[in-house]
Amino acid sequence: MTRGNTTKITDELYAYTLAHNPPLDDVQRELVETTYAELPGHAGMQSAQEQGPLLAFLVRLTGARHIVEVGTFTGFSALSMAQALPADGVLIACDISEEWTAYGREAWKKAGVADRIDLRIAPALDTLRAMPAEPHIDMAYLDADKDNYIAYWEELVPRMRPGGLVVTDNVLFHGGVTDPLATGSAAAIRGFNDHVAADPRMDSVLLTVSDGLTLSRRKQ
C-alpha cells in the first residue's frame, strides 16, 4: 500500500489552517465560546471550527436552498449553513434537546437567520419519515447518534435530489474505525462507512477533515 501525505497536524499547523480559512464572525465565535463555557462536558460534540466555513462553502457551491441537518447540538453548524443560504432558503434542523438547541436559537436570532431555520424537536427518524418521499433535499449534514447513522442515511438518500450532497461527520471516530474488534459507536461507524462505500446510488469520498468527513453526491 502506498502511503499518502504524512503531514502531522500540530497545534501550530492547525492554528495556521484556521488563520487561512474564512474567520468566524462575532456570533459564530460567541456561540463556540459559550458552548465550551456552559457545556464543557459535551462541547466536543460541536462541529470543529474549520467545518463551519467548509459547510458554508458547500452550501454555496451546490446552490442549496433546502438543507436537512440531523443533529444540531448548540447550533454552530446550522448557523454556518443558514448564513450561506439565500434569503428564501430553509434548513430543517433535527434534534431532541430543547436545552442545547436554545443556545442555537439565540445565536440564529442574533445573526438574523432564525427565519431560515426550522428546528424540529423530535426523534430525527420520525422527522425524516414525515418528509415528502420524493427527491427534494439539496444538502444534508449528518452529525447525530452514531448507532442510527445507517437508518438516517436510508431516509435521506431517497429524498436527495440528483446531484444533492450528504455530508457526514465523525466517520473516523477518533481512529476507532480501524479496530476490527470495535464496539459501540466505533463499530457503528465502521458499519456505516462500509454501507456508504457499497451504496450504488451515491458517489462518496472519505476525507481526513477533523474527525473524518464523508462527502456523498446523489447520482443523476
Colleague: Is there a side-chain contact between Val68 and Leu156, using heavy atoms and a 4.5 Å cut-off?
Modeller: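 In short, these two side chains touch, coming nearer than 4.5 Å.
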Colleague: Any side-chain heavy atom of Arg159 within less than 4.5 Å of one from Pro132?
Modeller: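 They are not in side-chain contact.
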Colleague: Tell me whether Leu206 at atom CG has more than 12 heavy atoms from other residues, nucleotides or ligands lying less than 6.0 Å away.
Modeller: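 Yes.
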Colleague: For Ala43, is there any backbone N or O sitting under 3.5 Å from a side-chain donor or acceptor partner on Gln46?
Modeller: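 Not confirmed, Gln46 side chain does not pair with Ala43 backbone.
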Colleague: With Ile92 as reference, evaluate Leu119, Asp118, Thr72, Val70 under the side-chain contact (heavy atoms from CB on, under 4.5 Å) test and give the passing residue.
Modeller: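 For Ile92, the side-chain contact (heavy atoms from CB on, under 4.5 Å) check succeeds only for Asp118.
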Colleague: Assess whether atom NZ of Lys109 is packed by more than 12 heavy atoms of other residues, nucleotides or ligands within 6.0 Å.
Modeller: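 Result for NZ/Lys109: open.
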Colleague: Would you list the pairs meeting ring-ring contact (aromatic ring centres under 6.0 Å, His included) in which at least one residue belongs to residues 197-220, sequence neighbours left out?
Modeller: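 Non-adjacent pairs meeting ring-ring contact (aromatic ring centres under 6.0 Å, His included): zero.
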Colleague: Considering only heavy atoms from C-beta outward, does the side chain of Leu13 approach that of Thr10 to under 4.5 Å?
Modeller: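 Counting from C-beta outward, Leu13 and Thr10 do come under 4.5 Å.
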Colleague: When rounded to the nearest 0.5 angstrom, what is the spacing between CG in Leu58 and CG in Leu213?
Modeller: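 Answer rounded to 0.5 Å: 8.0 Å.
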Colleague: Determine whether Asp169 and Leu142 make a side-chain contact, defined as any pair of heavy atoms from C-beta on separated by less than 4.5 Å.
Modeller: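 A side-chain contact under 4.5 Å is absent here.
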Colleague: Looking only at heavy atoms, what is the nearest atom pair of Val27 and Ala107, with distance?
Modeller: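 In this case the closest contact between Val27 and Ala107 is CG1-O, 3.4 Å.
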Colleague: Taking all non-hydrogen atoms of both residues into account, name the closest pair between Gly75 and Leu31 and its distance.
Modeller: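 What the structure gives for the nearest pair is C-CD2, 3.7 Å.
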Colleague: For a quick test of reading the model, state the closest non-hydrogen atom pair linking Phe73 to His42 and the distance between them.
Modeller: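 Smallest heavy-atom distance, with atoms named: CZ-O, 3.3 Å.
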Colleague: For a salt bridge (Lys or Arg N to Asp or Glu O under 4.0 Å) check, start with the C-alpha distance between Arg129 and Glu154, then their side-chain angles and the critical distance, and finish with the verdict.
Modeller: CA-CA 10 Å; Arg129 288 167 180 162; Glu154 288 301 324; over 6 Å; no
Colleague: Where do Arg161 and Pro135 come nearest, in terms of heavy atoms and distance?
Modeller: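 The pair with the smallest heavy-atom distance is CA-CB, 3.9 Å.
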Colleague: State, to 0.1 Å, how close Leu24 and Pro53 come at their nearest heavy-atom pair, and which atoms those are.
Modeller: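 Heavy atoms only, the tightest pair is CD2-CD, 4.2 Å.
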Colleague: For Tyr16, look at atom OH and say whether over 12 heavy atoms of other residues, nucleotides or ligands are found less than 6.0 Å away.
Modeller: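 At most 12 heavy atoms, drawn from other residues, nucleotides or ligands, come within 6.0 Å of this atom.
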Colleague: Please check this pair: side chain of Asp211 against backbone of His174, looking for a donor-acceptor N/O pair closer than 3.5 Å.
Modeller: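 Judged by distance alone, yes, a pair lies under 3.5 Å.
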Colleague: For the residue pair Ala188 and Lys146, what are the closest heavy atoms and their distance?
Modeller: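 Looking at all heavy atoms of both residues, the closest pair is CB-O, 3.6 Å.
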Colleague: In terms of heavy-atom contacts, does CG of Asp88 have more than 12 from other residues, nucleotides or ligands at under 6.0 Å?
Modeller: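 Yes, CG of Asp88 has more than 12 neighbouring heavy atoms, counting only those of other groups under 6.0 Å.
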